[in-house]
Participant: 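Quick one: the structure is below, and I'll ask about it shortly.
Values below: all heavy atoms of this structure, side chains included; hydrogens, waters and symmetry mates excluded. Every value quoted in this text rests on a predicted model; they were computed, and no experiment measured them. The sequence lines fix the lettering, A, B, ..., with proteins before strands; numbering per chain opens at 1.
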2 protein chains.
Amino acid sequence: MRAPRRVGTGTNQEAVRRHNLGTVLRHVHRSGQLSRAELTRRMGLNRSTIAALTGELETLGITERTGPAQEPGERQGAGRPSTGVRLAETGPYVIAVDLTVDHATVARVGLGGRIQQRAHATTAGLAEAWQVGAAVATLIRQVVADAAPAAPLVGIGIAVPGLVRRSDGLIRLAPNLEWHDVSFSSVVLAALGVDIPIVVANDADLGALAEHERGAGVGIDDLVYISGQVGVGAGIIAGGHPLEGVGGYAGEIGHLRFDPSGRPCHCGSVGCWETAVGGHAIAEAIGCSAEKVAQLPEHLMALTSAPPELRLIGSDIGRGLASIVNAFNPQLVVLGGYFSSLFPLVRDDIMSGLSGAAMTATVESVTVSLPCLGDDSVLLGAAEAALEPLLVDPVGSVGAALLDVPARLAG
Amino acid sequence: MRAPRRVGTGTNQEAVRRHNLGTVLRHVHRSGQLSRAELTRRMGLNRSTIAALTGELETLGITERTGPAQEPGERQGAGRPSTGVRLAETGPYVIAVDLTVDHATVARVGLGGRIQQRAHATTAGLAEAWQVGAAVATLIRQVVADAAPAAPLVGIGIAVPGLVRRSDGLIRLAPNLEWHDVSFSSVVLAALGVDIPIVVANDADLGALAEHERGAGVGIDDLVYISGQVGVGAGIIAGGHPLEGVGGYAGEIGHLRFDPSGRPCHCGSVGCWETAVGGHAIAEAIGCSAEKVAQLPEHLMALTSAPPELRLIGSDIGRGLASIVNAFNPQLVVLGGYFSSLFPLVRDDIMSGLSGAAMTATVESVTVSLPCLGDDSVLLGAAEAALEPLLVDPVGSVGAALLDVPARLAG
DNA sequence: ACGTTTTAGTTGTTCGGGACAACGAATCAG
DNA sequence: CTGATTCGTTGTCCCGAACAACTAAAACGT
């Protein structure tokens with residue numbers, strides 16, 4: 001469950017209205033379709049209040065009402081059936097971008113997490129950030145071309161494998177892209193020639209967000225999403241909220257100390273967990289060449305059983321997870337990136353490494369699972385992040401949104 | 001800054017009033033004394049609204065108004081001076097209990113974190129929880145004897161060095177007390193013969209809370225409080241809120257993997273950080289006998305310079321902190337417990353261990369400091385935890401509080 | 001010393017928005 | 001077909017925050 005993190009300031013009545021309107025929309029966003037009666041139950045507000053709120057969302061063009069005729073035969077209980085609320089077809093949407101080491105995925109995503117259109121391109125040859133920015137802008141134009149002109153574009157969300165400063169979205173360091181201090185949001189906006197809200201964040205953090213909102217972690221307020229791209233990172237949801245840290249760099253669990261007698265790490269330290277279970281270590285274990293680390297999942301999929309070297313790495317994954325579980329006490333650990341492909345192969349090794357090294361109290365409340373959103377966790381997380389302002393202030397967000405998008409971005 | 005973590009439910013207008021009233025009280029609680037003008041500035045509400053809210057707190061007997069005559073000579077700026085709001089002398093209070101390995105400290109603490117009376121006793125000979133509970137009850141009676149009968153007792157907060165289950169306050173495991181699955185809250189309430197709100201929590205978590213509210217971490221929303229009693233634990237404030245984890249066990253950083261070739265740990269794993277920097281390791285390094293581990297701070301204070309063995313441990317502390325800083329990206333690390341005594345001796349070793357092993361981005365935004373509340377961090381944290389309901393719903397909390405306490409607990 | 005300016009407390013009024021009650025509508029159970 | 005149940009709609013009420021007007025208390029300027 002999401003909740004506002006309002007600070008020590010007071011609440012006036014317009015804030016109440018905004019909050020209630022946003023909460024209604026958040027419920028619809030999460031459930032896709034639900035009845036007004038269900039909304040009154042969940043929000044604890046009066047029927048008439050819910051009616052007013054849903055009415056306002058309708059006039060904003062965000063939702064529409066469905067006739068009380070739901071699936072026939074589904075009727076349970078007596079009484080007049082409740083009017084349904086669902087997301088409007090031409091409602092607000094966002095652009096989500098998932099940037100990885102060697103390719104970019106861009107999608108137009110509506111409320112409810114519905115991917116309306118997607119595009120994909122390699123970025124293998126592009127070293128400079130402006131080149132990647134231009135490629136992303138092209139993909140965005142493709143994806144937006146068929147959008148309804150009346151539908152408002154609320155913002156852009158971009159997932160990046162690296163350390164992103166929370167205050168301004170600056171990419172401080174993306175080791176596997178070899179970027180330092182890149183303001184990628186400015187690059188993309190300049191390439192598009194518009195100025196709209198844009199949020200850049202770490203891929204693991206966004207993966208965690210998506211799995212929490214509409215994946216394996218729905219209803220779970222404490223979870224860790226482990227991202228394996230080439231480096232290893234984690235996104236953490238604690239108490240239903242993303243754990244960010246002052247700068248936004250929290251969750252860099254690839255650089256937890258794992259074995260001081262291990263290998264030196266690119267971060268300057270020695271024996272980080274990433275040196276034991278990172279992409280390069282795994283590529284080495286399965287005899288995959290260093291240039292193909294980005295295609296690790298495919299190589300892992302091709303295996304039917306795990307070679308001994310890989311099983312050792314599985315144990316090390318488990319032992320590292322033990323530290324994470326002791327530190328964060330999550331209810332769920334989601335293994336994303338190449339760990340998804342690895343998990344079926346070395347599940348037993350991971351689990352025994354975990355339960356052998358973690359404390360009883362923390363390990364007994366945790367489940368390890370695969371992502372429910374497949375490879376789209378991070379992409380959908382970027383969409384969620386971009387949609388967030390809409391769920392906080394629907395009126396303001398729609399008012400500030402960009403209209404007539406296909407035409408405006410055509411140039 | 002504290003903020004409500006309201007869930008997906010709607011906000012009705014009584015909730016607004018409750019929230020605003022609680023927020024006013026929270027500000028007074030934090031600042032001790034402040035003007036109504038300051039409140040209007042901080043809360044963004046209208047003058048007249050603040051007047052109504054402070055008026056309600058006065059009629060509840062929680063606060064009182066001070067004449068506009070503040071310290072003479074302190075007058076700055078033109079205009080009519082604002083009426084002050086301060087905590088009432090006989091306002092609500094709580095009982096705070098700090099339980100350590102060999103002694104118990106109990107205090108009567110008023111709003112604003114003012115310790116009104118305290119008592120102290122050794123628990124060295126007491127093995128069973130009910131014995132400790134009886135000792136604590138006796139201390140509570142002492143501390144409460146002189147309280148004003150009109151002052152309401154809101155609740156009890158107890159800090160325990162161990163794993164405490166969040167849902168019900170059960171002590172799952174307190175290794176250095178040798179307790180397993182003890183419902184200490186029931187024990188204390190039974191010994192007192194009353195039934196009032198009582199909260200049990202981990203000592204490090206409460207230390208973090210206190211340092212965040214009124215110690216070294218005021219205004220800092222991301223901090224880690226490291227507790228060194230005999231074991232090593234951490235309390236984490238993330239985004240202004242305590243990081244709890246599903247069960248409430250988050251922050252068990254004593255059992256992060258530190259050196260797989262290290263010693264076996266009582267938790268069942270090998271080479272946990274605690275085996276390198278825990279009380280026993282340090283006692284050994286300074287040639288202090290194992291039975292006197294609980295008096296480690298005194299022994300450390302006696303040292304004027306650090307022996308080489310201790311400096312090595314200092315480096316290990318720094319390297320462990322590096323993992324913590326990478327995982328949580330705090331703005332501040334507060335070294336509590338025996339680490340307070342240790343820090344002046346091996347500061348350079350800790351800091352170089354930290355900056356050598358942590359990532360640039362995370363280490364450059366962190367400060368390492370001593371607690372501002374001395375040995376009372378944990379005790380005041382217990383008080384804060386017990387006061388929390390009062391700051392969420394002043395009316396309800398005062399209504400449910402116990403009156404005429406000295407007489408009622410006399411038996 | 002006196003008026004001006006600035007800021008705050010107080011009071012009465014306005015207004016927004018959620019609660020509530022009354023009524024009609026839609027469905028199910030018998 | 002009737003009663004029960006549940007829900008949408010509408011009008012009213014009421015709480016509480018905002019606002020405006022006035023008064024009070026201080027500093028500042030001449």
Participant: Closer than 4.0 Å, any side-chain N/O of B:Ser82 to the OP1 or OP2 of C:dG9?
Facilitator: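 Affirmative; the distance criterion is met.
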
Participant: What's the closest nucleotide to the side chain of A:Asn46 if the choices are C:dC20, D:dA18, C:dG18?
Facilitator: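 Of the options given, the side chain of A:Asn46 lies nearest C:dC20.
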
Participant: Can you find a side chain N or O atom of A:Asn12 that sits less than 4.0 Å from OP1 or OP2 on D:dA18?
Facilitator: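 Yes, such a contact exists.
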
Participant: Is any side-chain N or O of A:Arg36 closer than 4.0 Å to OP1 or OP2 of D:dT9?
Facilitator: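 Result: yes.
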
Participant: Return the 5'-most residue of the pair B:Arg47, A:Glu14 with respect to DNA chain C, ranking by each residue's nearest nucleotide.
Facilitator: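 Counting from the 5' end, the first nearest nucleotide belongs to B:Arg47.
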
Participant: Determine whether A:Gln13 and A:Arg17 make a side-chain contact, defined as any pair of heavy atoms from C-beta on separated by less than 4.5 Å.
Facilitator: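 A:Gln13 vs A:Arg17: side chains apart.
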
Participant: I'd like to know if B:Glu384 pairs up with B:Arg30 as an ion pair, taking the criterion as any Lys NZ or Arg NE/NH1/NH2 lying under 4.0 Å from an Asp or Glu carboxylate oxygen.
Facilitator: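 Salt bridge between B:Glu384 and B:Arg30, a charged N being under 4.0 Å from a carboxylate O: no.
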
Participant: Remember a base hit wins even if backbone is also touched, and classify A:Arg18 as base, sugar-phosphate or nothing at under 4.0 Å, heavy atoms.
Facilitator: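 Nothing, no nucleic acid heavy atom in range.
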
Participant: Where do A:Ala150 and A:Leu403 come nearest, in terms of heavy atoms and distance?
Facilitator: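 A:Ala150 and A:Leu403 have their closest heavy atoms at O-CD2, 3.5 Å.
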
Participant: Looking at A:Asn20, does any N or O in its side chain come under 4.0 Å of the phosphate oxygens OP1/OP2 on C:dG17?
Facilitator: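 No, no such contact exists.
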
Participant: B:Ala37 has a side chain; which of C:dA8, D:dG8, C:dG17 sits nearest to it?
Facilitator: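 So the side chain of B:Ala37 is nearest to C:dA8.
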
Participant: Looking at A:Thr40 and D:dC7, is any side-chain donor or acceptor paired with a base atom of the opposite kind under 3.5 Å?
Facilitator: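 Absent.
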
Participant: Which nucleotide, C:dT10, C:dA26, D:dA26, lies nearest any side-chain atom of B:Pro81?
Facilitator: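 Closest nucleotide among those given: D:dA26.
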
Participant: Between A:Thr49 and C:dG17, is there a contact of a side-chain N or O with OP1 or OP2 at under 4.0 Å?
Facilitator: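 False: A:Thr49 side-chain N/O out of range (4.0 Å or more) of C:dG17 OP1/OP2.
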
Participant: It should be established whether A:Ser48 places a side-chain nitrogen or oxygen under 4.0 Å from OP1 or OP2 of nucleotide D:dT9.
Facilitator: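 Checking A:Ser48 against D:dT9: no side-chain N or O falls below 4.0 Å of OP1 or OP2.
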
Participant: Answer yes or no: does a side-chain N or O of B:Arg80 lie under 4.0 Å from OP1 or OP2 of C:dT6?
Facilitator: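 The answer is no; no side-chain N or O of B:Arg80 sits under 4.0 Å from OP1 or OP2.
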
Participant: Can you see which heavy atom on B:Pro394 is nearest to which on B:Ile62, and at what distance?
Facilitator: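 Taking every non-hydrogen atom into account, CB-CD1, 4.3 Å.
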
Participant: Heavy atoms from C-beta onward define the side chain here; which of D:dA26, D:dG8, C:dA8 lies closest to that of A:Thr83?
Facilitator: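 Side chain of A:Thr83 sits closest to D:dG8.
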
